[in-house]
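Structure first, then comments.
Side-chain atoms are counted along with the backbone in the values below, which use heavy atoms only and exclude waters and symmetry mates. Below, chains carry the letters A, B, ... as their sequence lines are ordered, and counting in each starts from 1.
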Amino acid sequence: MKRTHHCNELRPAHAGANVILDGWVHSRRDLGGLIFIDLRDREGRTQTVFDPSELPPALFDQASHLRSESVVRVSGTVRIRPEGTRNDKIATGEVEVLVRSLEVLNTAEVLPFSIDDPEVANKVNEELRLQYRYLDLRRPEMARNLRTRSKVAIATRRYLDEQGFLEVETPTLFKSTPEGAREFLVPNRRDPGTFYALPQSPQQFKQILMVSGVERYFQLARCYRDEDLRADRQPEFTQVDIEMSFIEREDIYALVEGLLKRVWKAAMDLDIPAPFKRISFHEAINRWGIDKPDTRFGMELVDFTETFRASAFKVFAGAVASGGVVKAINAKGMAGATQGQIETMTDHAKSLGAKGLAYIKVEGGEWKSPIVKFFTQAEKDALVSGLAIEEGDLVLFAADPWLNACEILGKIRLYCADVLRSQGRLSFDPRRFDFLWVVDFPLLSFDKEMNRWYSSHHPFTAPVAEDIPLLKQDPRQVRGQHYDIVVNGVELGGGSIRIHQPDVQRTIFEDILQIPPDETRLRFGYMLEAFKYGAPPHGGIALGFDRLCAMLCGTSSIRDVIAFPKTAKGTCLMTDSPSPASARQLRDLHLEVKTAPPKA
RNA sequence: GGGGGUGUAGCUCAACUGGUUAGAGCGCUGCCCUGUCACGGCAGAGGUUACGGGUUCGAGCCCCGCCACUCCCGCCA
């Protein structure tokens, strides 16, 4: 006999029904003359009661020895719990199942960590959770994350299907493309010394699909990058990859806004307002010091370049004289910052090339600062009105070239927010999401060390049409048709309108990026070839699916929304991979390992 | 590649300035308990203080090395 209900289904209306439930023993409360066992399955929990007056002694004894997480099937009668014993913490708390029979489908050994108490389980060492991932995934929090991820994937597919997109799979055995992230290589048995590479993204295939006439393509694409990991970076991850033909930037904005509205509704039942705010790259840097600003809090950067142009404080005046800027932020209420915190902020500044970090602590009605003695009253007045300085504030300065100064304060701004959050003095509504498009990125950046230009995004990004004449005259001024979608300071995705005219593409490759024609042919030849035969104007975007899910699940680590993630060193603790290959495998692949393999 | 943090019982943690037999809660085992839901009560078992060296009369604690996990920088077109 199979189960008749799941464990989150029974209600008072079922009273009197004979039911069969399957599940795991979530917890046992043995009162001696009466045993309660909470049975758990994917859907929820139901209390079952073992009453010796209703059961053979052997069965009752068996129940008293049931261990947590053993798998059982019980049959019995649903009844409404006696008055005063209802449990309003669980959905089935008004009823219980009076057990008539018990079948132990599988016993569980004593667990390496307890999974029934969320407060305990949340603190368990992640190492252990990853080693016993199947137990970790049984926890309601993790099961909920898996479910949310599934809902988001399905909502994405439904929405894009409605919008006329085709889901097309692209190869994971791809060609090595030396630009960009380090790749995982796959040796080719059939031709010694040749290799596939796992794709960093399906970028080139999706553009080829536009040439193929697909017009609207999407894929929940697995991508691989052999770079060092972070809480929000795994060596393999998933992108919602999208590409469309005959469109402009506005079409992508509208499409993605519709998609995210659908996804937020499906996962959180939250209606997010669209269209999203749009901010230029320049404004993002200028106001928040970062290209993915968290706009949930203020502390914006304020410019004081003119105030200090002729200042007696030579550090500021000198920076302005050499073409730089003077900017400041007011870290509200942080005058009490410790020496260590100031030092950390100074280190941030120094890591970006600053010589130090000027600051003013506003404490006890006076400005405590090594530099304030150089300031005139007019300069002080400008600071007070520009930064709304009050008692208890901490003002931090950067005097450097514009981009540098902004990035320094941008880092410090985020650090200050972290400090305030950890002190409980800054908090965010978990259902608040500040979406914004960051647009008008520079198409090209200059690498001083290599003395050459490189693509800010990738070499297929189209310049803004009106900027094309500037390509050869003043590359720095050329804006790319690139866009990033940012939520609460997290870069959720980015994309661009692509170049579809071969001559513009050639200009970028050969004149700007200075890639020799034969190398271009070697690396992108098949693409340039394809583009000769009628490439439609097209563009697209890729969203980080794991980050998206993490955000919807309220966690900052994408490991919490990936069923079987890797550790920070790229290993899987459950399967103990990667692991050495056998001599025979290596021989077949024409490979020789030079350093000693790790001990097996 | 670099910097920070962590590692003590199955789990979460404690252990003063280096000083007696390394403790607690939960879990586990046994006994008691008929309305619990973090059930309660009594008793008990359980430790190579990640690992390897060193300093010391004496090391969980100090020093060197090493491993694992984690956060960050670099890196991630």
Side-chain angles (χ1 to χ4, degrees), chain A residues 26-39 45-54 60 64-65 67-69 79 81-90 92-93 96 98 109-132 135 177-183 200-201 203-204 223-235 237 340 344 347-348 350-352 411 414-415 418 443-445 447 453-461 480 482 491 494 496 513 515 523-524 544 556-557 559 566-569 571 573 598-599:
Chain A
H26 187 73
S27 62
R28 187 183 75 230
R29 293 176 295 281
D30 186 345
L31 276 58
L34 196 65
I35 299 169
F36 297 98
I37 285 177
D38 283 353
L39 203 59
R45 273 154 60 183
T46 301
Q47 175 169 281
T48 65
V49 192
F50 292 75
D51 185 335
S53 64
E54 310 268 349
F60 188 79
S64 75
H65 288 92
R67 274 217 202 88
S68 283
E69 297 305 311
R79 69 181 187 193
R81 295 198 194 183
E83 201 60 46
T85 67
R86 306 209 171 138
N87 182 354
D88 53 15
K89 287 185 210 159
I90 58 174
T92 59
E96 62 193 6
L98 181 64
E109 303 209 345
V110 174
L111 303 172
F113 58 94
S114 86
I115 64 177
D116 60 337
D117 185 341
E119 284 183 29
V120 174
N122 276 334
K123 289 163 73 181
V124 172
N125 192 346
E126 190 165 8
E127 194 174 349
L128 205 65
R129 291 174 50 202
L130 290 175
Q131 187 183 346
Y132 298 95
L135 294 179
T177 55
E179 259 181 58
R182 190 180 300 116
E183 298 166 318
Q200 309 165 31
S201 81
Q203 181 62 36
Q204 295 176 38
C223 306
Y224 306 86
R225 292 181 189 174
D226 187 11
E227 297 290 352
D228 285 340
L229 285 71
R230 292 282 191 284
D232 62 350
R233 274 165 28 192
Q234 284 271 306
F237 62 99
T344 302
D347 288 346
H348 279 307
K350 285 181 177 170
S351 75
L352 286 168
K411 275 195 171 183
L414 290 178
Y415 174 77
D418 275 348
L443 182 71
L444 300 155
S445 309
D447 185 331
W453 294 94
Y454 64 95
S455 299
S456 307
H457 182 44
H458 62 53
F460 312 113
T461 303
H482 172 62
E491 183 193 326
S496 63
L513 302 180
I515 304 175
R523 277 156 59 177
F524 307 111
S556 56
S557 169
R559 290 190 298 272
K566 307 274 192 293
T567 69
K569 288 226 171 108
T571 66
L573 296 176
K599 275 169 269 170

Worksheet item: Going through the checks in order, is the side chain to side chain contact (heavy atoms under 4.5 Å, CB included) test met by Arg45(A) and Ser27(A)?
Response: CA-CA 10 Å; Arg45(A) 273 154 60 183; Ser27(A) 62; 5.5 Å; no

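An OP1 or OP2 oxygen of rA68(B) is reached within less than 4.0 angstrom by a side-chain nitrogen or oxygen of Lys569(A). OP1 or OP2 of rC73(B) has not a single side-chain nitrogen or oxygen of Ser351(A) nearer than 4.0 Å. An OP1 or OP2 oxygen of rU70(B) is reached within less than 4.0 angstrom by no side-chain nitrogen or oxygen of Arg233(A). Applying the 4.0 Å criterion to OP1 and OP2 of rC39(B), one finds that Arg29(A) has a side-chain N or O inside that range. Between Arg86(A) and the phosphate of rU36(B), there is no side-chain N or O to OP1/OP2 separation shorter than 4.0 Å. Checking the phosphate oxygens (OP1, OP2) of rA38(B), a side-chain nitrogen or oxygen of Lys89(A) falls inside 4.0 Å.
Residue-to-nucleotide proximity on RNA chain B shows that, of Asp38(A) and Ala181(A), the 5′-proximal contact is made by Asp38(A).
Heavy atoms of Pro82(A) sit under 4.0 angstrom from at least one base atom. Across all strands shown, Ser456(A) has heavy atoms under 4.0 Å from sugar-phosphate atoms exclusively, and none from any base. When heavy atoms are screened at a 4.0 angstrom cut-off, Glu96(A) is found touching base atoms of the nucleic acid. Backbone-only contact: Ser455(A) has heavy atoms under 4.0 Å from sugar-phosphate atoms and none from a base. Heavy atoms of Arg559(A) sit under 4.0 angstrom from primed sugar atoms or phosphate atoms, though from no base atom. At a threshold of 4.0 angstrom between heavy atoms, the contacts of Ser114(A) with the nucleic acid are absent. Using a 4.0 Å heavy-atom criterion, one finds that Leu128(A) contacts the sugar-phosphate atoms exclusively.
Pair assignment for rG60(B) gives none, since no Watson-Crick or G-U wobble pairing has each distance under 3.5 Å. Base pairing of rA68(B) is made with rU6(B), judged by Watson-Crick or G-U wobble geometry with both donor-acceptor distances under 3.5 Å. Nucleotide rG46(B): unpaired (no Watson-Crick or G-U wobble partner with both distances less than 3.5 Å). Using N1 to N3 plus N6-O4 or O6-N4 for Watson-Crick, or N1-O2 and O6-N3 for G-U wobble, each under 3.5 Å, rU55(B) pairs with nothing.
Between the side-chain ring of Phe36(A) and the base of rU36(B), a stacking contact exists by the 5.5 Å and 30° definition.
In the set rU70(B), rG1(B), rC73(B), rG1(B) carries the atom at the smallest distance from any side-chain atom of Asp228(A).
The separation of rC16(B) from rG23(B), taken at their C1' atoms, amounts to 15 Å, rounded to a whole angstrom.
Remark: Tyr415(A) OH to Lys411(A) NZ distance equals 13.0 Å, nearest 0.5 Å.
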Could you list all N or O pairs between the protein and nucleotides 41-45 of chain B that sit under 3.5 Å apart?
none

Output one line per pair: protein atom, nucleotide atom from nucleotides 28-32 of chain B, and distance, for all N/O pairs under 3.5 Å.
from, atom 1, to, atom 2, distance (Å)
rU29(B), OP1, Arg67(A), NE, 3.3

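Under the 4.0 Å criterion applied to side-chain N and carboxylate O atoms, Asp38(A) and Arg29(A) are assigned as salt-bridge partners.
No donor-acceptor contact under 3.5 angstrom links the side chains of Glu126(A) and Thr567(A), judged on distance only.
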